[in-house]
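Just below is one structure, and these are the notes that go with it.
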There are 2 protein chains.
Amino acid sequence: MNISALSDPATSQSSATQIAHSKLRDLILTGELAPGTKLKIDHLRKILGTGASPIREALSLLTSDQLVVRHEQRGFSAAATSSEDFAEILRLRCSLEGMALRQSMENKSDDWIESLVIIHHRMSRLQQSKSDDFEREHKNFHMALIGNCDSPLLLRFCNQLYDLNIRYRFIAGRSIDYKGRKVEDEHRIILDAVIAGDIDHAEDLLRSHYETTGAFLKAFIK
Amino acid sequence: MNISALSDPATSQSSATQIAHSKLRDLILTGELAPGTKLKIDHLRKILGTGASPIREALSLLTSDQLVVRHEQRGFSAAATSSEDFAEILRLRCSLEGMALRQSMENKSDDWIESLVIIHHRMSRLQQSKSDDFEREHKNFHMALIGNCDSPLLLRFCNQLYDLNIRYRFIAGRSIDYKGRKVEDEHRIILDAVIAGDIDHAEDLLRSHYETTGAFLKAFIK
DNA sequence: TTGTCCAATAAAATCGATTTTTTATTTGCT
DNA sequence: AGCAAATAAAAAATCGATTTTATTGGACAA
């Protein structure tokens with residue numbers, strides 16, 4: 001499985017550290033490195049075919065993203081999961097992305113709307129396929145919605161939360177079918193509200209999109 | 001200057017990486033390593049008296065905290081500062097800490113209130129002295145206000161924002177005198193509102209505390 | 001049995017040296 | 001002079017080996 005496309009784009013990741021970072025992130029997000037797993041440097045070295053230094057650096061980077069936990073003098077482990085954690089991520093996402101969406105819409109511009117339309121189109125084309133491509137476009141869409149807000153830190157937080165959340169999706173199983181969920185419709189009406197410039201409505205829709213998806217996913221967690 | 005006390009408490013930081021992390025954080029927060037400065041590994045090695053690996057690891061940790069920027073294949077530098085960045089931090093702090101305070105108060109408990117009273121007392125005792133001790137207690141107080149919320153991720157964000165903000169305070173100069181600012185009074189009335197359980201009022205007070213301080217500091221930035 | 005001490009093993013952490021990449025400087029050409 | 005390529009110097013990145021620390025598995029005594 002390879003969702004490295006979910007990383008920031010334009011990554012001509014040259015350095016060993018970058019590659020290790022991207023691959024480890026991938027392995028953790030998809031659950032191939034299960035929550036709570038001890039991450040032994042030596043083992044990772046074999047898997048990733050690189051030295052200890054880049055791996056330790058990559059793990060350090062992932063630590064601050066909450067995907068890896070650092071245990072002083074006793075190595076690293078993949079961050080644990082729990083239903084409380086899941087619920088918290090959901091709550092925070094609603095709040096922060098809601099906030100970001102408002103700001104994004106307050107800065108509304110034709111260019112932004114047009115890019116949204118394109119990105120939405122690219123996502124729709126792939127229609128809920130469980131492919132990496134869809135995952136990438138789906139993230140693109142959600143990040144683009146809030147991306148017009150003038151707050152890099154807020155965007156960073158949202159990005160981080162997105163990744164933390166997607167891990168639960170993967171762990172619950174990509175197999176799970178969002179049957180009857182009409183996710184595409186939800187995306188569509190959010191986009192429409194954004195285009196219409198109805199801030200309150202758009203925020204409402206976005207939040208309930210997350211809440212519905214979250215409630216749905218919750219059943220599969222733990 | 002040593003504000004390592006601002007780090008999480010109970011840090012019997014044994015490993016070289018931890019020490020480097022703490023010291024570098026310190027140097028950057030206080031501005032001894034000025035914003036934008038290139039951070040050459042070799043130079044830091046001499047300063048910190050340790051090898052390259054712990055330093056690179058520490059820098060990687062600081063990267064995700066937004067205090068250090070990583071330039072692929074060309075090293076690290078201390079994060080730049082700007083008035084926009086300062087304004088953003090301020091805005092986000094108001095939103096996120098406001099939110100966290102509400103949640104904190106909704107979970108109100110006698111134990112929490114008592115610990116607040118004690119922490120406030122410890123801070124007051126040091127009364128705006130520009131000492132490291134005061135800085136530590138001041139951070140303790142603000143983190144304790146929101147610390148009763150049941151959201152580790154939110155607390156982490158707030159903690160990070162606190163540090164990003166305090167750097168501006170240090171850079172503006174510890175010398176600056178908050179004359180007429182009556183900061184102690186503001187802390188007092190916030191505490192009172194929290195004790196009284198008046199959520200809306202407390203949030204208002206906290207936010208305007210930050211806004212006032214921010215507006216005041218702004219004059220010294222850039 | 002149960003617990004404590006000690007050795008043996010495994011793993012983490014770190015160092016010093018090497019390799020790779022970038023940046024600065026010089027050289028040669030039009 | 002002005003530019004481009006080549007070289008030299010500096011710095012980053014990485015590796016392999018060493019040191020330190022934690023963990024495991026007895027051996028022994030209460």
Side-chain angles (χ1 to χ4, degrees), chain A residues 4 7-8 10-28 33-80, chain B residues 4 7-8 10-28 33-80:
Chain A
S4 60
S7 308
D8 294 332
T11 39
S12 52
Q13 294 155 326
S14 30
S15 75
T17 297
Q18 282 299 326
I19 294 169
H21 178 249
S22 168
K23 286 191 184 168
L24 283 172
R25 185 174 160 284
D26 216 10
L27 291 169
I28 293 170
L33 287 174
T37 309
K38 184 140 199 352
L39 302 173
K40 294 186 194 162
I41 307 290
D42 225 51
H43 177 229
L44 297 180
R45 261 188 36 197
K46 281 163 200 155
I47 292 183
L48 303 177
T50 184
S53 319
I55 287 179
R56 291 185 62 85
E57 249 179 80
L59 289 172
S60 298
L61 289 170
L62 290 166
T63 292
S64 314
D65 296 333
Q66 312 290 304
L67 286 172
V68 163
V69 179
R70 179 192 193 86
H71 310 280
E72 187 63 15
Q73 306 282 51
R74 55 192 70 176
F76 301 85
S77 63
Chain B
S4 59
S7 309
D8 294 332
T11 41
S12 52
Q13 294 153 329
S14 31
S15 76
T17 296
Q18 282 299 325
I19 294 169
H21 178 250
S22 168
K23 286 190 182 170
L24 283 172
R25 183 173 160 284
D26 216 11
L27 291 169
I28 292 170
L33 286 174
T37 309
K38 183 141 199 349
L39 302 173
K40 294 186 195 161
I41 307 289
D42 225 50
H43 178 228
L44 297 179
R45 263 189 34 197
K46 281 162 200 155
I47 292 183
L48 303 178
T50 183
S53 319
I55 288 179
R56 293 185 60 86
E57 247 179 82
L59 289 172
S60 298
L61 289 170
L62 290 167
T63 293
S64 315
D65 295 334
Q66 313 289 304
L67 286 173
V68 163
V69 179
R70 162 186 270 272
H71 310 279
E72 188 62 15
Q73 303 282 53
R74 54 194 70 176
F76 300 85
S77 62

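The chains referred to below are lettered A, B, ... by the order of the sequence lines, with proteins before strands, and numbering in each begins at 1.
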When the distance from [atom1] of [X] to [atom2] of [N] is rounded to whole Å, what number comes out?
{"X": "A:Gln18", "N": "C:dT20", "atom1": "CD", "atom2": "P", "value": "19 Å"}
{"X": "A:Ile55", "N": "D:dG16", "atom1": "CD1", "atom2": "C1'", "value": "14 Å"}
{"X": "B:Arg45", "N": "D:dA12", "atom1": "CZ", "atom2": "C1'", "value": "12 Å"}
{"X": "B:Glu72", "N": "C:dT22", "atom1": "CD", "atom2": "C1'", "value": "13 Å"}
{"X": "B:Asp42", "N": "C:dA17", "atom1": "CG", "atom2": "P", "value": "13 Å"}
{"X": "B:Lys46", "N": "D:dA11", "atom1": "NZ", "atom2": "C1'", "value": "11 Å"}
{"X": "B:Glu57", "N": "C:dC15", "atom1": "CD", "atom2": "C1'", "value": "13 Å"}
{"X": "A:Arg70", "N": "C:dA12", "atom1": "CZ", "atom2": "P", "value": "12 Å"}

Taking the nucleotide of DNA chain D with the closest heavy atom to each, which residue, B:Lys40 or A:Gly49, is nearer the 5' end?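 The residue closer to the strand's 5' end, by nearest nucleotide, is B:Lys40.
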
First of A:Gln73 and A:Ser53 reached from the 5' end of DNA chain D, by closest nucleotide: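 Between the two, 5'-proximity favours A:Ser53.
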
Just do the side-chain contact (heavy atoms from CB on, under 4.5 Å) check on A:Leu48 and A:Leu24 with the steps written out, would you? CA-CA 9 Å; A:Leu48 303 177; A:Leu24 283 172; 3.9 Å; yes

Distance test, side-chain N/O of [X] to OP1/OP2 of [N], below 4.0 Å:
{"X": "A:Thr17", "N": "D:dA13", "result": "no"}
{"X": "B:Lys38", "N": "D:dA12", "result": "yes"}
{"X": "A:Thr50", "N": "D:dC15", "result": "yes"}
{"X": "B:Arg74", "N": "C:dT21", "result": "no"}

Let me confirm one number: the [atom1]-[atom2] distance from [X] to [Y], rounded to the nearest 0.5 Å.
{"X": "A:Thr63", "Y": "B:Asp65", "atom1": "OG1", "atom2": "CG", "answer": "10.5 Å"}
{"X": "A:Gln18", "Y": "B:Gln73", "atom1": "CD", "atom2": "CD", "answer": "9.0 Å"}
{"X": "B:Leu59", "Y": "B:Thr17", "atom1": "CG", "atom2": "OG1", "answer": "10.5 Å"}

Mind jotting down which residue pairs meet the side chain to side chain donor-acceptor pair (under 3.5 Å) criterion with at least one end in residues 39-58 of chain A? Sequence neighbours excluded, please.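 As it turns out, the side chain to side chain donor-acceptor pair (under 3.5 Å) pairs with a partner in residues 39-58 of chain A, which skip direct neighbours, are A:Arg56-B:Glu57, A:Glu57-B:Arg56, A:Glu57-B:Arg70.
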
Polar pairs (N or O, both sides) under 3.5 Å between protein and nucleotides 6-8 of chain C?
none

Within a strict 4.5 Å, meaning less than it, do heavy atoms of the B:Leu39 and B:Ile55 side chains meet?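 Not touching, per the 4.5 Å side-chain cut-off.
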
So B:His43, base contact, sugar-phosphate only, or nothing? Heavy-atom distance under 4.0 Å.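 Touches nothing.
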
Using only atom types and a distance under 3.5 Å, with no angle test, would you say the side chain of B:Glu72 pairs donor to acceptor with the backbone of A:Ser15?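 Side chain of B:Glu72 to backbone of A:Ser15, a donor-acceptor pair under 3.5 Å: yes, one is there.
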
